[in-house]
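Have a look at the structure below, then the notes.
For reference, positions follow the sequence shown, starting with 1.
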Amino acid sequence: MPPHLGRNLAVLAGLALLAACNGNSSPPDADAARDVDADEDTEDHADLPLDDGTADDSADGSDVGTCPAGEALNPYLTPPACVPCARACALEGETGEVWPVTALTGQCVCTTQDGYYFSLSGAAVSHRCDRDGDGWVTQSARANVESSDPAIAENARCDVRVVDRVVLLAEHEDPDLDGCEVDLAETELGVDSLALYEADNRDDQELLDDDPHAPLYGARRLRAEELNGMTKACVSLIADYNSSGEADVNEWDLGSEPIHAFSYFIELHRGWYAAGAYYIQEKSRLAVAPAGWGIPLVYNDDGYWRECVRLTDGAFDPLGPNALGMDFARYDADPWTAGLAHHSQYKCVHLVEENPDPAAYPQRLPRSELDAVPRRYVLNGCEGTADSAEPVAGTVNPRDPGLTCAINTLPVIDDVGFAAVKYIHYETPGAYQRGCVNGCLESPPTCPPAASCAPDINDYGRPECVCPNHWTGEDCDVCPPHWDPAADCDACVNAYDPASDCTACLAHYDAATDCTDCEPRWDLATGCTTCINHYDVTTGCSTCLYHYDPATGCTECELHFDPFTSCATCLWNWDLTADCTDCLLDFSPSTDCRRTTNLLVNPGAEAGNTSGWSTVSGMTALTLASGCGTHTTTPHSGSYRFLCCADPLEECRATQDVNVSAYAAGIDAGRYTAEWDAWMFGYVGDAGVWLEFFDELSASLGSSAQIEVPATTWTRAGAGGIVLPVGTRTIRMMLDADAGFWSGTDCGWDDLALYLVE
């Protein structure tokens, strides 16, 4: 059975019939709140007489005296008696004093500060009533606020806001003057009022972050102060941001608590408490809406959708199972008039392959609907931004998350998002479905006698008074500039273009000359169809052909382009794809593209390890402050160097293979030589370095001479101009040494380099 059909349909009928709005509401008062706060919780327990053996056994302890410091009266003993308290009562939210009377269980209770409650469960400490500061008290506090245990209830100092009405506001209504007021006592929710409690994991950010039903909203998580028992978000198939027990996208029913009947999508609405009422207002569609009040949803164009009139969705049935899915239309006295109508223009949907039962599953949208012609829906994907809006009324109210939405250009099955309704054209008023109305049918303008009204189907049904040809004005007697009244306002004067309503010239004619001459660099002799000199017609004669230099009037090539190819190719090894501003492959511009950059990875051990190298035994990378064995040497440069930290007589070796296949053509043509550089030192075990060459099948093609450095200080060793064997595809640099007769550093390498040179 669909989730929303599992509730009592009579409730829905009652909501529609009994909660109809009268259009009036009480003005909000940010400083007024309904408190459930026992701040008079100590007056009945001071100066209680001590038990001198003559007191009676009254349970309230009225005849027992004041207990000593560090003790509390247990009036539930027979006879009542003072008991020692081990609690220091000095934690957050505690005054440092023990409550003078124990709990029903005989346990001592700490006196709390305002905004805290004391719980005996768990670690038995005080907790904040409203950790996120949004005016909604945590559900865990509820058991303490409503506890039958006086000591617990009197130390639950929580400002629990209670509302007896909900005020619903259309996007541009003034909360002080307008609104649709829903008196809870006149609904069939079964309650006269609602206490603003929220789930613990909607009040505590750490718990919220761990809740799988509060997934990431784009790049960030929603914050606790942005969520409560009324907030939903169109995010995913598992997102349940109001903790109703039903995924937000599927919540077309009352939910687990009466408060969920007023759940709203944060993308469409904002909510706040004031003066015993909870206000829910549609976000503005205006592009210039105040911060925090703009609706984030978008279309692939802009226009009349931001201001058009909308009606209640054509599928709305106040007695049907999906009435609650139409936002708050069920509370309108006449739901088929303009009012709260975001639900008609925006649908939180679940993309499916097909939906055989849309009446039972109205939230399921077939994927094919997004590609229908004419297009009816544009799917939005939204995410939270870093900022959130300030609370609406005062500082103790929910914040609204900053949201940004974009069109989902690659929607797939099981995506969840808002489907923004495109204009759905209709010819008779009764055929309206959803979204913007046909303005000529529902809100027609006053047109001159000679004109007719036509809805602009490309601008969301905007009503337009249409004059004959291109006449304008109240009486259709004004011919706009550049149109020719002598041609019945149906042709342009001079060379103005009728395709632009005579506001622009024909192609490449200059408006500064009243469309009688060409734009700069266009040739009037060819009717402004070609450019002068070497300017490029495809760029509107604004750039030169083939990288000719505009500084020379397109007569010479730009830097590094080859004049012998009409500036179509680069010189030497310069890269044409980079407009000859960078070299091909790894050649360096500083060498005029004649030598590559260093082809070695981690050449000086500055990665802090031997990454990029294959090593044997004790070869390692150590910092400036570390060494090994009997000899230490600081790096030649930087903070690290390669050291041989092997056991006595053990060999150290490191190799790095450099793939030079990209240079194959030049290598095989004999154009490239190899140059390499190294800084080394050695004690008993000499440090060595050389190159080996391999073909594409890893067969050896030879090697360079091995260079060893016996010096105990850094010494430069290198070779240049080694002609690469034909067929070379891999160059291997070899580092080799043994540790001699001592453990530790006898050899080291730093600042290694390998280049190819043309």
Side-chain angles (χ1 to χ4, degrees), residues 132 134 171 201-202 204-228 230-244 246-251 263-271 281-302 305-306 327 342-343 345-352 363 365 367 370 377-392 398-422:
D132 56 12
D134 64 356
E171 56 184 332
N201 57 13
R202 296 298 178 268
D204 185 309
Q205 190 65 44
E206 290 186 6
L207 296 178
L208 178 61
D209 290 344
D210 291 335
D211 184 4
H213 298 291
L216 284 171
Y217 198 166
R220 80 160 172 95
R221 292 188 181 279
L222 294 176
R223 303 182 183 117
E225 63 267 24
E226 299 166 343
L227 300 173
N228 54 63
M230 291 185 183
T231 51
K232 298 186 295 186
C234 193
V235 176
S236 73
L237 288 173
I238 63 170
D240 178 17
Y241 284 105
N242 62 351
S243 293
S244 67
E246 181 68 84
D248 291 346
V249 66
N250 296 329
E251 192 172 317
S263 291
Y264 56 88
F265 281 106
I266 57 176
E267 297 91 345
L268 304 181
H269 305 83
R270 290 196 71 177
Q281 185 161 24
E282 291 180 328
K283 291 184 176 180
S284 172
R285 291 174 292 166
L286 296 180
V288 293
W293 282 105
I295 197 165
L297 302 172
V298 297
Y299 290 83
N300 49 8
D301 52 9
D302 213 344
W305 66 267
R306 289 190 176 276
D327 288 347
H342 274 357
H343 69 276
Q345 192 171 359
Y346 309 104
K347 303 289 187 181
C348 181
V349 299
H350 165 205
L351 280 192
V352 294
Q363 77 279 18
L365 183 70
R367 169 66 180 80
L370 299 181
Y377 300 98
V378 176
L379 189 65
N380 275 237
C382 303
E383 62 179 17
T385 63
D387 299 325
S388 57
E390 291 296 321
V392 175
R399 290 176 175 267
D400 189 67
L403 300 175
T404 181
C405 303
I407 294 173
N408 184 347
T409 57
L410 296 173
V412 297
I413 300 303
D414 286 337
D415 273 356
V416 169
F418 267 104
V421 180
K422 295 282 284 184

*Name the one of D400, L286, V392 that satisfies side chain to side chain contact (heavy atoms under 4.5 Å, CB included) with W293?*
V392
*Reference residue H342; test side chain to side chain contact (heavy atoms under 4.5 Å, CB included); the match among E267, E282, K347*: E282
Kindly indicate whether the side chain of [X], heavy atoms from C-beta on, has any atom under 4.5 Å from the side chain of [Y].
X    : Y    : result
Y217 : S236 : no
L222 : I266 : yes
K422 : V378 : yes
T231 : R202 : no
I295 : Y346 : yes

With rounding to the nearest 0.5 angstrom, report the [atom1] to [atom2] distance, [X] to [Y].
X    : Y    : atom1 : atom2 : result
L227 : S243 : CG    : OG    : 8.5 Å
D387 : L403 : CG    : CG    : 11.5 Å
Y377 : Y299 : OH    : OH    : 10.5 Å
L297 : Q345 : CG    : CD    : 9.0 Å
L237 : D414 : CG    : CG    : 5.5 Å
R223 : D209 : CZ    : CG    : 10.5 Å

_I'd like to know if the side chain of N201 and the backbone of L207 have a donor-acceptor N/O pair within less than 3.5 Å._
no
_For I238, is there any backbone N or O sitting under 3.5 Å from a side-chain donor or acceptor partner on H213?_
yes
Could you report the tightest heavy-atom contact between [X] and [Y], atom names first, then the distance?
X    : Y    : value
L351 : R367 : CD1-CD, 4.0 Å
V298 : A420 : O-CB, 4.1 Å
D240 : A247 : CB-CA, 4.4 Å
H269 : Y264 : CB-CD1, 3.6 Å
R270 : P398 : NH2-O, 4.2 Å
E226 : S388 : OE2-CB, 3.1 Å

*Full working for side chain to side chain contact (heavy atoms under 4.5 Å, CB included) between V235 and Y241*: CA-CA 10 Å; V235 176; Y241 284 105; 3.7 Å; yes
*For F418, ring-ring contact (aromatic ring centres under 6.0 Å, His included) partners two or more places apart*: F265
*Check the pair L268 / H343 against side chain to side chain contact (heavy atoms under 4.5 Å, CB included), numbers first and verdict last.*
CA-CA 9 Å; L268 304 181; H343 69 276; over 6 Å; no
*Test salt bridge (Lys or Arg N to Asp or Glu O under 4.0 Å) applied to E390 and R399, step by step*: CA-CA 6 Å; E390 291 296 321; R399 290 176 175 267; 3.2 Å; yes
*When you check the side-chain N and O atoms of Q363 and N250, is any donor under 3.5 Å from an acceptor?*
yes
*Can D134 and N228 be counted as having a side-chain donor-acceptor contact under 3.5 angstrom?*
no
*Hey, is C234 close enough to C348 that the SGs sit under 2.5 Å?*
yes
